[in-house]
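What follows is one structure encoded as structure tokens, with my remarks underneath.
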Amino acid sequence: MTTPDDAPKFRYTGALAQEIELRWQDRWETEGTFETPNPAGPLADPDRIAGRPKVFVLDMFPYPSGTGLHVGHPLGFIGTDIYSRYKRMTGYNVMYTMGFDAFGLPAEQYAVQTGQHPAITTNANVTTYRRQLRRLGLSHDARRSVSTTDPAYYRWTQWIFSQIFNSWYDTDGGRDAGPEEGRARPIDELVEQFASGRRPTPDGRPWSDLSAAERGTIIDGYRLAYVSDAPVNWCPGLGTVVANEEVTADGRSDRGNFPVFKRNMRQWMMRITAYADRLLADLDLLDWTDAIKAMQRNWIGRSEGATVHFQSPAGPISVFTTRPDTLFGATFMVLAPEHPLVDALATPDRRQVVAQYRQQAASKKDIDRQDDTREKTGVATGAYAINPVNGESIPIWIADYVLMGYGTGAIMAVPCGDQRDFEFARLYGLPIPAIQQPPELGLDTSTWENAFIGDAPYVNSSNGSLDLNRITSVAEGKRLTNEWLEANGHGVAAVTYKLRDWLFSRQRYWGEPFPVVYDSHGNPHGLPDSELPLLLPETDSFSPRTFDPDDEFSNPESPLDRLEWWTNVELDLGDGPQSYRRDTNVMPQWAGSCWYELRYLDPTNEQHFVDPEVERYWMGPQEVGNGGHPHPGGVDLYVGGVEHAVLHLLYARFWHKVLFDLGHVSSKEPYYRLFNQGYILAAAYKDAREIYVEAAEVIERDGAYYHGDQLVTREWGKMGKSIKNAVTPDDICQSYGADTLRLYEMAMGPLDASRPWETRDVVGMYRFLQRLWRNVVDEETGELAVLDNPADADTQRLVHRTINGVRDDMDALRFNTAIAKLIELNNHLTKLGGCPADIAEPLVLMVAPLAAHVAEELWSKLGHDTSLALEPFPVADPALLVTDTVEYPVQVNGKVRGHITVAADLDAAGVEAAALADPKVATSLAGAAPKKVIIVPGRMVNIVA
RNA sequence: GCCCGAGUGGCGGAAUGGCAGACGCGACGGACUCAAAAUCCGUUGUCCGAAAGGGCGUGUGGGUUCGAGUCCCACCUCGGGCACCA
């Protein structure tokens, strides 16, 4: 906005807003306005805590990219800031700060691109982010800001890794003591169980007879962090392995979109599957949206059923089924082509066909294999298995619709009761006997179009000792079959999950080094805490070795592998100085974000990752939490994007539960209430060559879009520099000020909805602040200029209604409607010609959480020499929320035909009489007698004629 | 295919089952100005009407109700997630 020369000197312009904002930002920092006291530890200030409830408000911390912030990034941050400011003004001790998730692939790639060490680029980016965020007036406690790349921080990431490495999951934790459910316990307690003989060794030999190496191998098999040689996702294009959660549905990498191949490799895994049940069950404790809970449930993918053993020439084959009740209908088996028994099963005459099919399946990319429109394929092995319920001999096939990665990699095929098996049986002419009699379908399955799934009477389902023929319920059928299987040793009730263990190592440079060394036998040893932090070694050779994206058989090379001076180390781990080799992997980007909220609480503590008392205060369970109901513990409000539904949010819950089991934290879950903010979308424009053009230069004419003379096409998406539609907060702050930007972002719509950015619309909030300013300050002199007379009764009532409404809106994060109410009040004051003296303070205090800087400035003009950050938020006077008279709309047959104004305490008969007496209502009735009159007190009258 | 959401003026969006369209943008008219911008005042769902007033209106079709944007059923469209998961 250009400021005209002849404009009033103290008009609220972009320039004045900036001056006010920078001044108050400095003052907040100097005075430590937003420094939050702890009950104990280095940041303790118990006096300032006494008698105040606490609230922990958390943003998903950003990854500091090289391009800085655009206006889409701070949407959630502004929301949490407003909420935090409001909570402070209503008496809460508020935990609110910001950190940086700065390890990981993007930071490393940016460094490689710019040829600078990632530590340098990361620091520069963090500095830019801090400047941009400060400019928005966010009320963070700056002392608590952390970066995951800071050795003082990752020291504790490594420490937590060591805790996980040095623990095991006791599946019946109740046996010794403690909770009935399973839980993580220190590995020493497992060693003690073996040593005392309470837990037998795998081969039954006494613990004392085992060599150190043998003991180590047994113990390593129990650790929650373990090295495994199993199929992992190898991404040659990135030069690293990645987690299941980082692979997209079409078999490519989340980052970079390179092909990913399943390969057996020796890698670090985290035993998150041990927590599958608790991760699932404890979702019920959380105040999250059903959408996110559904995504997590789906990812964990719990299925109840049974494992059933079939006899075959190559030994027993176990299958998992969710429908043990359909065993009588199992007429063939299908193994995944990769199943280890396939070679042994194939009969001589089938060997060549089987080998061919296996090769064909192996060469298929995941993307092809997952195309479910494809017709099913498979070949018979020539071998037969025995169905345990009826002793029938059934053929064993292999087919790629059975996946090695789920269940046991083998299925019993029940063509009448499973659509996939049905299709396969039809295709290859396999029998489809009916074992249920579905309503309206005959027992002749050749007339069926699909498999039948549901409750129906069983038929042909009896073997003498198990008889389902008389029942109709699938649940009952499952129960009876499971009992029979267990009683006869043919199987056992079982639960299967889609969730896999978490692949935790990356062949990169820019991450936390593993606090692990290997001895000469290749056995891993955790470093003692005294060796932490294990610093990331300095080197110029930080580029990862990447490969042709399609080169499946390339092998990963960690950058740290090249640093001989670092990898070879002499250490005394309790049995004298010995040579070791360091682990040359680094942790994935998710490691640092698995626990950062805990470090915010006690960022400078060098003895603990967080002081236990401090953790209890901010995160502990509460019998009566905010809002009056019990609070199971965790962050009170966590705001961030939905894209982390199954990555960060699952990993962080897992780590937190381990820390809980080991007694390091008091809360079962890290994030009690999760709120997913929407995205700011922006239009991007492409010219005829499909090249993006600067969105800011595009103009609209007659419904079409032009860049210069060129016709361009519009599309909506996220903002980004690469698609030339990024608007930076700096631009908007320069033109209008941060307060206008904050209001605009909040007024655009509800916080959880995505909305398109329109720079054109920003001016609306600017005008609001300008009017607000003018209602309190003389534009010519800059002096306070409120009306001398006190507010009239109507104005008073409006103020108190507004207070009431704004409070409700703030509590519910409805900042858009809070702003609308304040604008309404301000518009009313504008009509009065200014702000009556007695309502200036409540007005300014209500604006304060939203437009913090201008509110502070007005507050000081009102004669206060301290910040309003801790002033009490106005409280509505209940007496002013009710009125003497009330206006009723009067409907005739549901249509509004008139209005009456009557005394608020008039009884129903009186209201009815007044309504019927209204001339417009009488006209509408046209003499007809009312059949019925509905009166909703204080609300509405409806006359049925 | 399955699981979540969402469909309201020219646009962003408001509405404990009770006056649909708060608030903002834009547009139109006016004030100020030589003029424009900025600022201020007013109008603005749509159709009929000079007006008073009236008809129609929340994706579609049914239903519940004195009364439905809101609740129920079926469907359509869009967005997101999962997907041969046994």
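All heavy atoms count here, side chains included; hydrogens, waters and symmetry mates do not. Per chain, numbering begins at 1; letters A, B, ... match sequence-line order.
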Within the 4.0 Å heavy-atom criterion, would you say [X] contacts the bases, only the backbone, or no part of the nucleic acid?
X: E824(A); result: sugar-phosphate
X: K293(A); result: nothing
X: S754(A); result: sugar-phosphate
X: K931(A); result: nothing
X: V896(A); result: sugar-phosphate
X: I934(A); result: base
X: T830(A); result: sugar-phosphate

When you measure from the side chain of [X], which nucleotide among [options] comes out closest?
X: L403(A); options: A86(B), C4(B), U16(B); value: A86(B)
X: I411(A); options: C85(B), C66(B), A86(B); value: A86(B)
X: R767(A); options: C66(B), C40(B), C19(B); value: C40(B)
X: V944(A); options: A86(B), G42(B), C66(B); value: C66(B)
X: F320(A); options: A22(B), A86(B), G13(B); value: A86(B)
X: R939(A); options: G18(B), C41(B), C19(B); value: G18(B)
X: A820(A); options: G81(B), A86(B), C23(B); value: C23(B)
X: E887(A); options: G24(B), C19(B), A22(B); value: C19(B)
X: P750(A); options: G54(B), C19(B), A14(B); value: A14(B)
X: R897(A); options: G54(B), C84(B), G18(B); value: G54(B)

Side-chain N or O of [X] versus OP1/OP2 of [N]: is the shortest distance under 4.0 Å?
X: R500(A); N: C85(B); result: no
X: R771(A); N: C40(B); result: yes
X: R814(A); N: A14(B); result: no
X: N816(A); N: A14(B); result: yes
X: S303(A); N: A86(B); result: yes
X: K920(A); N: A52(B); result: no
X: R11(A); N: U39(B); result: no

**Report entry** Euclidean distance for P, C48(B) against C72(B) (whole angstrom)
**Finding:**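 Those two atoms are separated by 38 Å.
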
Query - Spacing of the P atoms in G26(B) and A37(B) (rounded, Å) - result: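 Per the computed distance, 12 Å lies between those P atoms.
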
Query raised in the report: Between V319(A), D421(A), I317(A), which is the residue that forms a side chain to side chain contact (heavy atoms under 4.5 Å, CB included) with M412(A)?
Result: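 Single side chain to side chain contact (heavy atoms under 4.5 Å, CB included) partner of M412(A) among V319(A), D421(A), I317(A): V319(A).
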
d([atom1], [X]; [atom2], [N]) in whole Å:
X: F10(A); N: U39(B); atom1: CZ; atom2: C1'; answer: 18 Å
X: L499(A); N: C85(B); atom1: CG; atom2: P; answer: 18 Å
X: K498(A); N: C2(B); atom1: NZ; atom2: P; answer: 15 Å
X: M295(A); N: C85(B); atom1: CE; atom2: P; answer: 20 Å

Query raised in the report: Should the ring pair W757(A) and Y744(A) be called parallel, tilted or perpendicular, given that the plane angle runs from 0 to 90° and is split at 30 and 60?
Result: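 Because their plane-to-plane angle is over 60°, the rings of W757(A) and Y744(A) count as perpendicular.
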
Requested in this report: Could you tell me whether R797(A) and D794(A) have a side-chain N and a carboxylate O separated by less than 4.0 Å?
Outcome: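 Salt bridge: yes.
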
Query raised in the report: Which sits closer to the 5' end of RNA chain B, D290(A) or P889(A), going by the nucleotide each is nearest to?
Result: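 So the residue in question is D290(A).
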
Report task. On RNA chain B, check which nucleotide each of A747(A) and N827(A) is closest to and give me the residue with the more 5' one. Result ->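 Mapping each residue to its closest nucleotide by heavy atoms, the 5'-most match is A747(A).
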
**Report entry** Derivation and outcome, side chain to side chain donor-acceptor pair (under 3.5 Å), residues Y685(A) and N725(A)
**Finding:** CA-CA 8 Å; Y685(A) 301 89; N725(A) 63 356; over 6 Å; no

**Report entry** Verdict with reasoning, R420(A) to Y401(A), per side chain to side chain donor-acceptor pair (under 3.5 Å)
**Finding:** CA-CA 8 Å; R420(A) 294 153 302 179; Y401(A) 81 91; over 6 Å; no

If [N] has a Watson-Crick or G-U wobble mate with both distances under 3.5 Å, name it; if not, just say none.
N: G10(B); answer: C25(B)
N: C56(B); answer: G45(B)
N: G69(B); answer: none
N: A50(B); answer: none
N: G1(B); answer: C82(B)

Requested in this report: May I ask you to check if R653(A) and W288(A) form a cation-pi contact, with NZ or CZ under 6.0 angstrom from the six-membered ring centre and within 45° of the axis?
Outcome: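 Cation-pi check for R653(A) and W288(A): passes.
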
Spell out yes or no: do the side chain of [X] and the base of [N] have one donor N/O and one acceptor N/O closer than 3.5 Å?
X: N942(A); N: C66(B); result: yes
X: K821(A); N: C23(B); result: no
X: R774(A); N: U39(B); result: no

**Report entry** Derivation of the side chain to side chain donor-acceptor pair (under 3.5 Å) call for Y766(A) and S735(A)
**Finding:** CA-CA 10 Å; Y766(A) 176 65; S735(A) 305; over 6 Å; no

Query - Syn/anti label of G17(B) as read from its glycosidic torsion, with the cut at 90° from 0 - result: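 That one's anti.
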
Query - Criterion side chain to side chain donor-acceptor pair (under 3.5 Å) on T273(A) and D501(A), from CA distance to verdict - result: CA-CA 6 Å; T273(A) 50; D501(A) 274 347; 2.6 Å; yes

Query raised in the report: If you count the non-hydrogen atoms of other residues, nucleotides and ligands that lie under 6.0 Å from CD in E304(A), is the total more than 12?
Result: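 No - once you tally the heavy atoms of other residues, nucleotides and ligands closer than 6.0 Å, there are 12 at most.
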
